[in-house]
Amino acid sequence: MLDNAPRGTICIEDVEIGMIRSLRKVITDQDIEMFAEVSTDRNPVHLDEDYARDTIFGGRIAHGMLTAGLISAVIGEQLPGHGTVYLGQNLKFLAPVRPGDMVQAEVEVTDIDHPKRRVTLNTRCIVNDKKVLVGDATVLAPSRKFD
C-alpha cells in the first residue's frame, strides 16, 4: 500500500519554513527482496528468517537504506519535488523496520537560503508512532527563474 500526496514541484520561491510533506507505505517481503537485488546487499538478516531470528533483531528486518529511500521519494516527488537535487543527507537509525510495517516518511522545511536555492529539511520515518529513522537533508530546489 502506498499513500502518497500529489506529485510535482514546489519551487524555491514558494517553499516556506514549516512546510511538511509525507508518504505512507507498507514494507513488503517483495520490497525487501527487490532492494536486495538492486543494491546487492543480501545480508541474511533481511532475507532469511531462520538466520535473523538468532540476531539482536529477533527476526527479519528491512534494509535501513530501503526505509531511507522513502525520504528520497518525498523529497524528489513532493517537497521540493521534481527537479530537486540532493546535496546531502545524514541519517540515524533508531529502530528496525520489519516486513508488514507501515512506514510514514516525513520531511519538514527548517531553513531556506534563497540566493543559493538551498533548502534544509528535517527528515524522519515513523512506524506505529515511533521514530525509526531521523536526520536532515540539504537540497537544491528548483526555481521558476530557471525553467
Side-chain angles (χ1 to χ4, degrees), residues 1-49 52 57 59-147:
M1 176 192 164
L2 181 67
D3 174 17
N4 202 344
R7 297 173 180 224
T9 302
I10 302 174
C11 291
I12 187 73
E13 294 84 2
D14 301 317
V15 173
E16 298 175 2
I17 290 177
M19 281 183 152
I20 298 174
R21 295 294 184 274
S22 65
L23 69 73
R24 294 182 336 141
K25 182 183 186 336
V26 172
I27 300 299
T28 66
D29 287 327
Q30 183 180 13
D31 294 328
I32 294 168
E33 291 164 10
M34 289 188 324
F35 191 87
E37 181 71 24
V38 169
S39 69
T40 72
D41 178 353
R42 299 195 159 281
N43 185 325
V45 75
H46 306 302
L47 302 170
D48 183 336
E49 184 61 40
F57 301 111
R60 289 178 52 233
I61 61 170
H63 301 74
M65 296 309 290
L66 170 57
T67 304
L70 299 178
I71 290 182
S72 178
V74 178
I75 290 170
E77 294 286 347
Q78 298 180 40
L79 181 62
H82 298 175
T84 299
V85 176
Y86 235 121
L87 299 175
Q89 171 82 56
N90 67 53
L91 300 168
K92 184 173 182 183
F93 299 95
L94 304 175
V97 173
R98 301 183 184 281
D101 280 351
M102 169 71 76
V103 177
Q104 177 151 328
E106 301 176 345
V107 302
E108 179 177 1
V109 176
T110 58
D111 192 48
I112 305 166
D113 182 339
H114 283 93
K116 292 184 179 177
R117 294 176 34 218
R118 289 183 185 219
V119 178
T120 304
L121 302 159
N122 175 266
T123 61
R124 54 197 174 259
C125 289
I126 300 161
V127 173
N128 295 325
D129 297 321
K130 180 179 179 180
K131 289 181 182 175
V132 296
L133 180 157
V134 296
D136 293 289
T138 304
V139 301
L140 183 65
S143 171
R144 282 191 291 276
K145 294 177 185 175
F146 296 99
D147 285 351

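- When the shell of 6.0 Å around CG of N90 is examined, it contains more than 12 heavy atoms from other residues, nucleotides or ligands.
- Closest approach of T67 and V97 over heavy atoms only: OG1-CG2, 3.6 Å.
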Test V132 against L94 for side chain to side chain contact (heavy atoms under 4.5 Å, CB included), laying out the working first.
-> CA-CA 5 Å; V132 296; L94 304 175; 5.5 Å; no

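- The nearest pair of heavy atoms linking R98 to G59 is NH1-O, 3.6 Å.
- By the 4.5 Å heavy-atom criterion applied to side chains, D136 and N122 are counted as neighbours.
- Within the structure, salt bridge (charged side-chain N to carboxylate O under 4.0 Å, His left out) contacts touching residues 119-129 (residues at least two apart or in different chains) are E106-R124, E108-R124.
- Taking every heavy atom of both residues into account, L23 and L70 meet most closely at CD2-O, 4.0 Å.
- Expressed to the nearest 0.5 Å, how far CG of L133 lies from OG1 of T123 amounts to 6.5 Å.
- Residue pairs satisfying the salt bridge (charged side-chain N to carboxylate O under 4.0 Å, His left out) criterion with at least one member in residues 9-20, sequence neighbours excluded, are listed as follows: D14-R144.
- The salt bridge (Lys or Arg N to Asp or Glu O under 4.0 Å) test applied to D41 returns no partner, not counting sequence neighbours.
- Atom CE of M34 has more than 12 neighbouring heavy atoms from other residues, nucleotides or ligands inside a 6.0 Å radius.
- Side-chain contact check for M65 versus F93: some heavy-atom pair is nearer than 4.5 Å.
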Yes or no on side chain to side chain contact (heavy atoms under 4.5 Å, CB included) for K25 and Q104, after CA distance, side-chain angles and deciding distance?
-> CA-CA 7 Å; K25 182 183 186 336; Q104 177 151 328; over 6 Å; no

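- Closest non-hydrogen pair, A105 versus I71, comes out as CB-N, 4.1 Å.
- Between H63 and F35, the ring planes are tilted. Angles from 30° to 60° get that label.
- Here the closest heavy-atom approach between residue M102 and residue V26 is recorded as CE-CG2, 3.5 Å.
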Might you work through the side chain to side chain contact (heavy atoms under 4.5 Å, CB included) test for V109 and L121, ending with a clear yes or no?
-> CA-CA 5 Å; V109 176; L121 302 159; 3.6 Å; yes

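- Looking at D101, D31, D29 one by one, the single match for salt bridge (Lys or Arg N to Asp or Glu O under 4.0 Å) with R60 turns out to be D29.
- Note that the CG atom of D111 and the OG1 atom of T120 stand 4.5 Å from one another [nearest 0.5 Å].
- The line from CG of D48 to CZ of R42 is 12.0 Å long, rounded to the nearest 0.5 Å.
- Considering CD1 of I32 and NE2 of H46, their distance stands at 8.5 Å, rounded to 0.5 Å.
- The shortest non-hydrogen separation linking T9 to H82 is OG1-O, 3.1 Å.
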